[in-house]
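To keep things clear, I will list the structure first and then write my remarks on it.
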Amino acid sequence: MGDLLWDDVAWLLDPADWGYLPDVFVEDTTTADWQAVLDLIRERGWAFEYAEGTAVLPLPRAEAVLSRSADAECPSLRVWPHPEVRAIFRFLGDEQIDFDVDVRELQGQERLDILCGFLTAIGRRLGRSVPLFPEGGGTEPLLGYDIAADRVRVLWSPPDRECAHKPGDIADPPGILGAHG
């Protein structure tokens with residue numbers, strides 16, 4: 001069994017509430033960190049597809065991808081840690097590793113375990129936490145690999161039930177729902 005139970009976190013992977021493509025960010029990275037992730041993908045034997053625009057190409061070294069000209073099209077790397085679970089990495093810069101996952105591919109315990117294993121593998125390789133945010137970024141992560149705990153855990157908890165807001169929501173105007181404590 002994985003780090004999380006589906007019944008406990010299904011609400012965090014509901015596309016109606018959080019969007020279809022939550023964002024995963026590892027901040028303060030370097031070209032060496034990107035290369036470590038590329039090496040991990042190859043070592044694990046995960047299927048992948050590297051593309052620049054519509055051209056599918058062999059996967060280059062991180063240094064080559066990240067040193068492209070500013071006007072070049074942003075490359076993408078699709079990685080399948082499981083045949084039916086995909087992550088899409090975007091090479092926006094060396095200072096941040098970011099990718100999306102599709103929550104429609106992550107429904108149920110088996111798929112959640114795959115996500116947890118994927119986040120854990122990346123976090124352990126980089127020696128960093130790997131948080132997953134609502135689609136569009138948000139300000140608080142929903143769940144992710146926590147380096148201190150060495151496991152994937154829920155990172156966001158709903159505020160007071162009387163005033164339950166999701167990350168990124170705008171607070172209710174005064175008087176709409178009554179006083180908030």
Side-chain angles (χ1 to χ4, degrees), residues 1-6 9-10 12-13 15 18-68 73-135 137 141-147 149-155:
M1 179 165 32
D3 295 335
L4 301 174
L5 295 176
W6 175 251
V9 300
L12 284 172
L13 297 173
W18 307 104
Y20 290 104
L21 301 171
D23 303 312
V24 182
F25 300 107
V26 182
E27 297 182 330
D28 301 320
T29 59
T30 65
T31 300
D33 293 321
W34 269 104
Q35 188 60 52
V37 170
L38 299 181
D39 293 343
L40 174 68
I41 292 165
R42 286 186 175 116
E43 289 168 15
R44 290 289 180 106
W46 292 327
F48 64 86
E49 178 183 272
Y50 173 79
E52 294 179 9
T54 59
V56 175
L57 303 167
L59 182 60
R61 297 206 39 90
E63 184 177 13
V65 177
L66 295 167
S67 64
R68 72 196 182 288
E73 193 159 354
C74 180
S76 65
L77 175 63
R78 287 172 169 72
V79 177
W80 289 268
H82 178 275
E84 297 176 15
V85 176
R86 171 186 48 190
I88 303 173
F89 290 80
R90 309 242 189 276
F91 295 87
L92 301 173
D94 64 349
E95 67 282 345
Q96 179 174 287
I97 294 172
D98 64 270
F99 60 96
D100 299 327
V101 292
D102 188 331
V103 295
R104 294 169 292 193
E105 299 173 349
L106 300 174
Q107 301 301 300
Q109 187 66 52
E110 179 186 356
R111 303 288 180 86
L112 176 63
D113 291 347
I114 292 164
L115 174 66
C116 290
F118 188 66
L119 297 178
T120 298
I122 292 170
R124 286 179 178 162
R125 177 60 57 104
L126 297 176
R128 298 177 183 219
S129 293
V130 183
L132 181 143
F133 291 84
E135 183 174 8
L142 300 174
L143 56 84
Y145 174 74
D146 179 346
I147 188 71
D150 190 31
R151 67 181 185 87
V152 175
R153 65 182 191 87
V154 173
L155 300 173

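Treat the numbers as computed from the prediction; the structure is a model and nothing was measured.
Here the shortest heavy-atom pairing between P83 and W80 reads O-CD1, 3.8 Å. Considering all non-hydrogen atoms of both residues, P75 and R68 come closest at CD-NE, 3.1 Å. The shortest non-hydrogen separation linking A87 to F118 is CB-CE2, 3.6 Å. The two residues L126 and V26 come nearest to each other via the heavy atoms CD1-CG1, 4.0 Å. Between G123 and I147, the closest heavy-atom pair is O-CD1, 4.1 Å. Summarising the geometry of P15 relative to V103, their closest heavy-atom pair is CB-CG2, 3.6 Å, with the distance given to 0.1 Å.
Atom OG of S129 is separated from atom CG of L155 by 7.5 Å, given to the nearest 0.5 angstrom. If you take OH on Y145 and SG on C116, they are separated by 12.0 Å, rounding to the nearest 0.5 Å. Separating the CG atom in L119 from the CG atom in D3 is a distance of 9.5 Å, to the nearest 0.5 Å. Atom-to-atom distance recorded for E110:CD and W6:CH2 is 12.5 Å, nearest 0.5 angstrom.
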For residues 48-58, please give each side-chain donor-acceptor pair under 3.5 Å, one per line with the distance, not counting sequence neighbours.
residue	atom	partner	partner atom	Å
Y50	OH	E52	OE2	2.5

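Of the residues listed (L77, D98, I97), the one engaging R90 in a side chain to side chain contact (heavy atoms under 4.5 Å, CB included) is D98, and it is the only one.
A62 meets the side-chain contact (heavy atoms from CB on, under 4.5 Å) test with T31, W34, Q35, L38, L66; sequence neighbours excluded. When the side-chain hydrogen bond (donor to acceptor under 3.5 Å, both in side chains) test is applied to R151, no partner is found at least two apart in sequence or on another chain. R124 is linked by a salt bridge (Lys or Arg N to Asp or Glu O under 4.0 Å) to D150, counting only residues two or more places apart in sequence or in another chain. Residues passing the side-chain hydrogen bond (donor to acceptor under 3.5 Å, both in side chains) test with R44, sequence neighbours excluded: none. Looking at residues two or more places apart in sequence or on another chain, you find a salt bridge (Lys or Arg N to Asp or Glu O under 4.0 Å) between R153 and D146.
Proximity of F89 to R78: side-chain heavy atoms (C-beta onward) are nowhere separated by under 4.5 Å. Side chains of F99 and F25 form no contact here, defined as non-hydrogen atoms less than 4.5 Å apart. L106 is not listed as a side-chain neighbour of L112, based on a closest heavy-atom distance of 4.5 Å or more. In this structure the side chain of D39 reaches within 4.5 angstrom of the side chain of R125, judged on heavy atoms.
A distance-only check finds no donor-acceptor pair linking the side chain of Q96 to the backbone of L92 [under 3.5 Å]. Side chain of E135 to main chain of Y20: a donor-acceptor pair is present (N/O by atom type, distance under 3.5 Å, no hydrogens or angles).
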Candidate pair D100 and V24, rule side-chain contact (heavy atoms from CB on, under 4.5 Å), full reasoning
CA-CA 6 Å; D100 299 327; V24 182; over 6 Å; no

Assess whether side-chain contact (heavy atoms from CB on, under 4.5 Å) is satisfied between Q109 and L4, documenting all intermediate values.
CA-CA 8 Å; Q109 187 66 52; L4 301 174; 5.8 Å; no

Let's go through R104 and E84 carefully: what are the C-alpha distance in whole Å and the side-chain angles of both, what is the deciding distance for salt bridge (Lys or Arg N to Asp or Glu O under 4.0 Å) to 0.1 Å, and is it a yes or a no?
CA-CA 10 Å; R104 294 169 292 193; E84 297 176 15; over 6 Å; no

side-chain contact (heavy atoms from CB on, under 4.5 Å) for V154 and L12? Distances and angles first, verdict last.
CA-CA 9 Å; V154 173; L12 284 172; 3.8 Å; yes

Give the C-alpha distance, both sets of side-chain angles, the deciding distance and a yes or no for side-chain contact (heavy atoms from CB on, under 4.5 Å) between V37 and D33.
CA-CA 6 Å; V37 170; D33 293 321; 6.0 Å; no

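With salt bridges taken as basic N to acidic carboxylate O contacts below 4.0 Å, none links R128 and D28. For the pair R86 and E105, the salt-bridge criterion is met [side-chain N within less than 4.0 Å of a carboxylate O].
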